[in-house]
Amino acid sequence: GASALITFDGSLGLAENATVNIAVKDALRQKQGGTYILATGDFSAFEASNFRMTELSGNLWSFSLNEDKTQLSLTLGAYGIWNGEAESNVWDSSVFGSDSAPSENYIVFFNGEASCTDVLIEESQTVKGLHVEGSKDYHFAAEDGVSISMESFEKTGSGVATFDVGMTIASSVNLNDSTVIFNGDTNITGDVSGNAKSQVSFGGDAHVSGTVFLDGGVLTFGGTESNIIIDTKLDAIRGVLNIGASAEDSVFLTVASLEASDTNGGGNLTINLAQGSTLKITGTDSLGNYKKTGFLLSEWNAVTTLNVDGTILSQNASLLVGDSSADINISGTVAVRGIGNGKTGNNDGKITLNLNDGAKLILGVSGINTGKQFDATLGAATIGISAAEVTIAEDLSITSATGTVFDTALYSFEEDGSSISQGTVGGTLTISGALSGAGKLVKQGAGTLKLTSAAFDFDGEIALNEGALT
């Protein structure tokens, strides 16, 4: 109405650059959108930017001062409230009021007094924004083909929000101490980020047009036959990144680039790629600018542990390690352009490579040449090549009595880089580093294996099954 919501006698002082925080009571939260006179008086020393609203997201409110600065007004975006007291758990206009226009409204879910937190969406919805707050767990369910579209999405508080419904979000998603599970088909125009206490899980098909950040917390890509695309970068700073929540999942994750462990001693990163899931990297090597390379681990002052039970396909980008250390444990298949140093001339840190029994490492034209301390242990695994001439310039230790296979019949990627297969044409694999161990070396496939190091301390058996060995 015309009356001010706040009246007071006397004066209100404000230090330079100070901020006035105004809390919102539930009665005000229930109002529909509009502009309200908040206070009248002498605001000549103020700017509208000195005022902010607590408890509501910044895109739900704004403050303004009239021209002569005698009146402070508050504009609230129209929004409906689901406060846990609804008799029905169906999301429709009766829940938020018949005069609510959802396409123009922000819909807010918060703790409330009751526990009506299972939300059934019977028809597709378009809202201005969706905000889930507080410590209660919310579950949003819908029939196949039903979806929610919105300009903005925000999740705050310790409660878990699970969406078994398609989501289209036309902006970035930022999480604060929160857990969100997107199980439906999800499209996000912008970035996805969260702090160290946040957890994000994608359980269905997803497309993120920006960058997905992991700065602590847990980021999981799961689901059966899930196809997930990140157009820009997967920037995993610290925490845990799971690609495939279990061997029962089948996730195909495509990213333009993966950059890991860019932190000043604030925590390490573990990447788990489950059996049955695939990580495809479409970027390229950029040795002159490591920040733009396609596949970078341990970029700055933190350790990355990479556990691969599934498949990595990186046709044009080498697995590079920055100025720290990386532990690479392969039990599945890794096909990369090579393994190298992400910061040429900086040989700090150590690379530990474990090729476990059944693993397959396929190297492209860049081979293995790191300049760092390099510790490789080879089990009953296979090393193959996808270029005519490949060199491993690091020392290798063969420990498997069953045999480590060096297969020089060339592998080739499909045109879109989404799979790799082996042909019959042979290439040349040169090992210029020292070879040691008491296991068994098996030469397999057409082509030639060259052992050129003078430091040959291998005491095991050598079996030439196909091709040439020199």
Side chains of [X] and [Y]: donor-acceptor distance under 3.5 Å anywhere?
X: N272; Y: N242; value: yes
X: E394; Y: T370; value: yes
X: S298; Y: T304; value: yes
X: N329; Y: D327; value: no
X: S178; Y: N176; value: no
X: E47; Y: S49; value: no
X: H207; Y: D231; value: yes
X: T284; Y: N316; value: no

Q: Start with the C-alpha gap between T352 and D375, add the side-chain angles, then the distance that decides, and say whether side-chain hydrogen bond (donor to acceptor under 3.5 Å, both in side chains) holds.
A: CA-CA 5 Å; T352 301; D375 185 0; 5.0 Å; no
Q) So, for F252 and F221, is the gap between ring centers shorter than 6.0 Å? A)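 Ring centroids of F252 and F221 are no less than 6.0 Å from each other.
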Q. Taking the six-membered ring where the residue is Trp, are the ring centres of F51 and F46 under 6.0 Å apart?
A.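 Ring-ring flag for F51/F46: true, centres closer than 6.0 Å.
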Minimum heavy-atom separation for [X] and [Y], please, with both atom names.
X: G190; Y: V208; answer: O-CG1, 3.4 Å
X: V160; Y: D137; answer: N-OD1, 2.8 Å
X: S318; Y: I339; answer: CB-N, 4.5 Å
X: N341; Y: K372; answer: OD1-CE, 3.8 Å
X: I362; Y: T333; answer: CD1-CG2, 4.4 Å
X: V146; Y: S124; answer: CA-OG, 3.5 Å

Can you check whether [Y]'s main-chain N or O pairs, donor with acceptor, with [X]'s side chain at less than 3.5 Å?
X: S366; Y: G338; result: no
X: S277; Y: L273; result: no
X: K280; Y: D416; result: yes
X: S172; Y: D191; result: yes
X: N354; Y: N356; result: no

If you measure from [atom1] on [X] to [atom2] on [Y], what distance do you get to the nearest 0.5 Å?
X: S201; Y: N183; atom1: OG; atom2: CG; answer: 6.5 Å
X: D185; Y: F202; atom1: CG; atom2: CZ; answer: 12.0 Å
X: L214; Y: S198; atom1: CG; atom2: OG; answer: 10.0 Å
X: D357; Y: T399; atom1: CG; atom2: OG1; answer: 8.0 Å
X: T186; Y: I228; atom1: OG1; atom2: CD1; answer: 9.0 Å

Q. Mind checking whether Q71 and I37 have side chains closer than 4.5 Å, heavy atoms only?
A.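 Q71 reaches I37 side chain to side chain.
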Q: Identify whether the distance between the nearest side-chain nitrogen and carboxylate oxygen of R238 and D215 falls below 4.0 Å.
A: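 A salt bridge is present here (some side-chain N lies under 4.0 Å from a carboxylate O).
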**Q.** Audit row: F63, F43, ring-ring contact (aromatic ring centres under 6.0 Å, His included) steps and yes/no
**A.** CA-CA 13 Å; F63 289 98; F43 293 98; over 10 Å; no
